[in-house]
*Asks:* 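Can you read through this structure? Questions will come right after.
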Amino acid sequence: QVQLVESGGGLVQAGGSLRLSCAASGLTFSDYTMAWFRQAPGKEREFVAAIGWTGTWNRYVDSVKGRFTISRDNAKNTVFLQMNSLKPEDTAVYYCAANQRGTTRAETWAYWGQGTQVTVSS
């Protein structure tokens, strides 16, 4: 059974940094595109970033470009999201997702973690 377990969320002041991790099990990790989505209260789940199988391809939503970096370690079955220069509008529950093809539409992703809360205070 596939499991995705996120960690690293928390409370940070605006301008600060956090690094999220997502540990995957139950799948051949290197066969999957990995992504991070986020969902703020009262809003739809939003694509944040995705990374291809080998880590050479990635994609970001415009609002995080230059501030967030997605990476993966296939030897450790883990994907990361380094978040710098955080803003209050980045406050959300952040979810890790896995799929064999990468899209920006949440409904197309096969596997999800339980989410980790990120709160950015002004």
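Keep in mind the model is a prediction, meaning the values are calculated, not measured.
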*Asks:* Do Q82 and S17 have side chains that approach each other closer than 4.5 Å (heavy atoms only, starting at C-beta)?
*Replies:* yes

*Asks:* Above 12 or not: heavy atoms from other molecules or residues under 6.0 Å from CD of Q1?
*Replies:* no

*Asks:* Are the side chain of N99 and the backbone N or O of A110 linked by a donor-acceptor pair below 3.5 Å?
*Replies:*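 Checking the backbone N and O of A110 against the side chain of N99, a donor-acceptor pair under 3.5 Å is found.
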
*Asks:* So T33 and W53, side-chain contact (heavy atoms from CB on, under 4.5 Å) or not? Walk me through it.
*Replies:* CA-CA 5 Å; T33 298; W53 306 336; 3.6 Å; yes

*Asks:* State the CG-CZ distance between L86 and F68, to the nearest 0.5 angstrom.
*Replies:* 5.0 Å

*Asks:* Between Y95 (side chain) and A35 (backbone), is there a donor-acceptor pair under 3.5 Å?
*Replies:*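 Pair absent, no side-chain N/O of Y95 close to backbone of A35.
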
*Asks:* Would you say M83 and L20 make side-chain contact, with heavy atoms under 4.5 Å?
*Replies:* yes

*Asks:* Strictly by modelled atom types, are T91 and T119 linked by a side-chain donor-acceptor pair under 3.5 Å?
*Replies:* no

*Asks:* Can you confirm whether Q100 sits close enough to L27 that some side-chain heavy atom of one is under 4.5 Å from a side-chain heavy atom of the other?
*Replies:* no

*Asks:* How about I70 and F80: do any of their side-chain heavy atoms sit closer than 4.5 Å?
*Replies:*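 They are not in side-chain contact.
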
*Asks:* Would you check if the side chain of R72 reaches a backbone N or O of F29 as a donor-acceptor pair within less than 3.5 Å?
*Replies:*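 Flag set: sc R72 to bb F29 pair under 3.5 Å.
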
*Asks:* Under a 4.0 Å threshold between the charged nitrogen and the carboxylate oxygen, would D62 count as salt-bridged to K65?
*Replies:*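 A salt bridge links K65 with D62.
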
*Asks:* Could you walk me through whether V120 and Q13 pass the side-chain contact (heavy atoms from CB on, under 4.5 Å) test, one step at a time?
*Replies:* CA-CA 5 Å; V120 184; Q13 288 189 332; over 6 Å; no

*Asks:* Between T108 and A106 (side chain of the first, backbone of the second, donor and acceptor by atom type, cut-off under 3.5 Å), is there such a pair?
*Replies:*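 Absent.
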
*Asks:* Answer whether the closest heavy-atom distance between the side chains of V79 and C96 falls below 4.5 Å.
*Replies:*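 A side-chain contact exists here, since the closest heavy-atom pair is under 4.5 Å.
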
*Asks:* If we ignore hydrogens and angles and just use 3.5 Å, is the side chain of R67 paired with the main-chain N or O of S85 as donor and acceptor?
*Replies:* yes

*Asks:* Could you tell me which non-hydrogen atom of C22 sits nearest to which non-hydrogen atom of L4, and how far apart they are?
*Replies:* SG-CB, 3.9 Å

*Asks:* Once rounded to the nearest 0.5 Å, what's the spacing between atom CE of M34 and atom CG of N77?
*Replies:* 9.0 Å

*Asks:* Between L18, L81, V93, which is the residue that forms a side chain to side chain contact (heavy atoms under 4.5 Å, CB included) with V118?
*Replies:*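 For V118, the side chain to side chain contact (heavy atoms under 4.5 Å, CB included) test succeeds with only one of L18, L81, V93, which is L18.
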
*Asks:* Taking side chain as C-beta onward, heavy atoms only, is W36 less than 4.5 Å from E6?
*Replies:*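 Sidechains of E6 and W36: in contact.
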
*Asks:* Is it the case that the side chain of R59 and the backbone of T103 share a donor-acceptor pair, with hydrogens and angles ignored and the cut-off at 3.5 Å?
*Replies:* no

*Asks:* So which pairs with a foot in residues 98-120 pass ring pair (Phe, Tyr, Trp, His ring centres under 6.0 Å), sequence neighbours left out?
*Replies:* F37-W109, F37-W112

*Asks:* May I ask you to check whether N74 and S30 show a side-chain donor-acceptor distance below 3.5 Å?
*Replies:* no

*Asks:* Suppose we screen for side-chain contact (heavy atoms from CB on, under 4.5 Å). Which residues come up paired with S25, at least two apart in sequence or across chains?
*Replies:* Q3

*Asks:* Mind checking the CD-CZ spacing from E44 to R38? Nearest 0.5 Å is all I need.
*Replies:* 14.0 Å

*Asks:* So does A92 get a backbone contact from the side chain of Q39, meaning a donor-acceptor N/O pair under 3.5 Å?
*Replies:*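 Judged by distance alone, no pair lies under 3.5 Å.
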
